[in-house]
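So the structure is just underneath, and the comments pick up after that.
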Amino acid sequence: MCSPKIMQLVNEKIRKQGQSNHVSRRNFLKVGAAAAAGLMVPHAATTIKASSLFRQDMMGEIVDLSHVFGAGIPTYSPGEDPVSETVVTVEENGFYIQKWTLFEHAGTHMDAPAHFAADGETVDNLDPSQFLAPAVVIDISAKAAEDDDAMLTVEDIEAWEAENGEIPAGALVCMYSGWDERWSDMEAFRNADADGVQHYPGFGGDAANFLLENRDIVGIGVDTLSLDIGASTTFDVHLSVLPAGKYGLENLANLGQLVGQSATVMVGIPRYEAGSGGPCRVLAMM
Ligand SMILES: [Zn+2]
């Protein structure tokens, strides 16, 4: 996109219009982006306006639903947090690179169908149209504040629909429990008891089945370590949602900002070969 040929074309176009024959790099990037997108029109001012349309008018405010990925983050099993090592630095080598060692299910991440289904799709083969979805955020933070084992139930879904209408087709349905506020405290986030059993909110099995049977969803998301409640030993939600070809998102952040709002979620999941899931960047466009 940034080839000298395109830059020359843009310069010629503007010169013909009797305007400055100098294109700054900044303006060139704007104009060049519009040209590359097939939006080049004979008036430079209109071209720049068109390129700004991509950000403001089409996307609106963006909320980052991802936690920072790094050492010391809470993980489902202790000791599975990512490790990074500095390989080269700008000061010593002229450029900077880290090497990461990580588990696929660390940080804000996706559970692909293959995580719980032998014939389920892996990350690299998921249909990318599933990665853009209307967000439905169901707020159970009030009961989660009283009960660490709180579940998102069918009644919670019905209460949300009574206020907002039926869950739209292709939605990503997320549980907001407020648990993301504990993220910086690994112990509090895992909230394990003396027997090692974790206690935090999640979807109830009935709620997951209701969504699978009665609504058209691409997946579900939670702001805790697991789609099921932490104390689950049967993993009913994982075992129904993932084999149904839907995906899960765990350890989401900032879902509270989406409560009562209309938003589109974009799941930026790298195409990990044969991935059972993996760390991803999740953005909500309000
Ligand atoms: Zn996972």
Side-chain angles (χ1 to χ4, degrees), residues 65-83 100-126 130-131 133 135 149 151-152 172-177 179-180 182-183 186 189-192 196-205 207-208 211-212 217-255 265-283:
L65 303 183
S66 341
H67 288 291
V68 175
F69 185 85
I73 61 173
T75 52
Y76 189 83
S77 303
E80 291 187 348
D81 51 319
V83 177
W100 288 90
T101 305
L102 57 92
F103 283 77
E104 287 176 333
H105 295 259
T108 300
H109 71 272
M110 173 185 285
D111 284 7
H115 185 37
F116 268 71
D119 59 350
E121 289 289 10
T122 50
V123 166
D124 45 335
N125 290 322
L126 283 176
Q130 293 179 287
F131 302 155
D149 300 313
M151 276 186 198
L152 187 151
L172 174 74
V173 180
C174 297
M175 172 196 79
Y176 169 62
S177 72
W179 212 256
D180 56 336
R182 300 180 178 220
W183 183 253
M186 190 190 295
F189 200 83
R190 293 190 72 249
N191 201 33
V197 178
Q198 300 173 59
H199 296 276
Y200 44 76
F203 275 77
L211 292 172
L212 294 173
I217 62 167
V218 293
I220 62 173
V222 295
D223 54 5
T224 56
L225 281 162
S226 175
L227 306 175
D228 288 272
I229 63 167
S232 173
T233 53
T234 52
F235 303 102
D236 300 340
V237 179
H238 279 86
L239 283 166
S240 60
V241 171
L242 304 180
K246 316 297 180 186
Y247 62 82
L249 297 176
E250 292 167 333
N251 300 325
L252 290 168
N254 301 319
L255 285 173
V265 168
M266 193 201 80
V267 183
I269 176 86
R271 222 169 163 188
Y272 304 107
E273 187 177 24
S276 71
C280 54
R281 191 74 178 259
V282 186
L283 302 174

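Residue numbers run from 1 in the order of the sequence given. Fair warning: this is a prediction, and the values are worked out from it, not measured in the lab. Whatever order the structure lists ligands and atoms in, that order sets their numbers, starting from 1.
No hydrogens or angles considered: nothing links the side chains of Thr75 and Asp81 as a donor-acceptor pair under 3.5 Å.
Counting only heavy atoms from C-beta outward, the side chains of Val83 and Trp100 never approach each other to under 4.5 Å. Side-chain atoms of Val282 and Leu252, non-hydrogen and from C-beta on, do get closer than 4.5 Å to each other.
Taking the six-membered ring where the residue is Trp, Phe189 and His67 present perpendicular rings, their angle passing 60° and hence far from 30°.
With Phe131 as the fixed residue, the side-chain contact (heavy atoms from CB on, under 4.5 Å) test singles out one of Val267, Val265, Leu172: Val267.
Note on the Zn ion (ligand 1): protein N, O or S atoms under 2.8 Å away count 4, no waters included.
Side-chain atoms of Tyr247 come within 3.5 Å of backbone N or O of Gln130 as a donor-acceptor pair.
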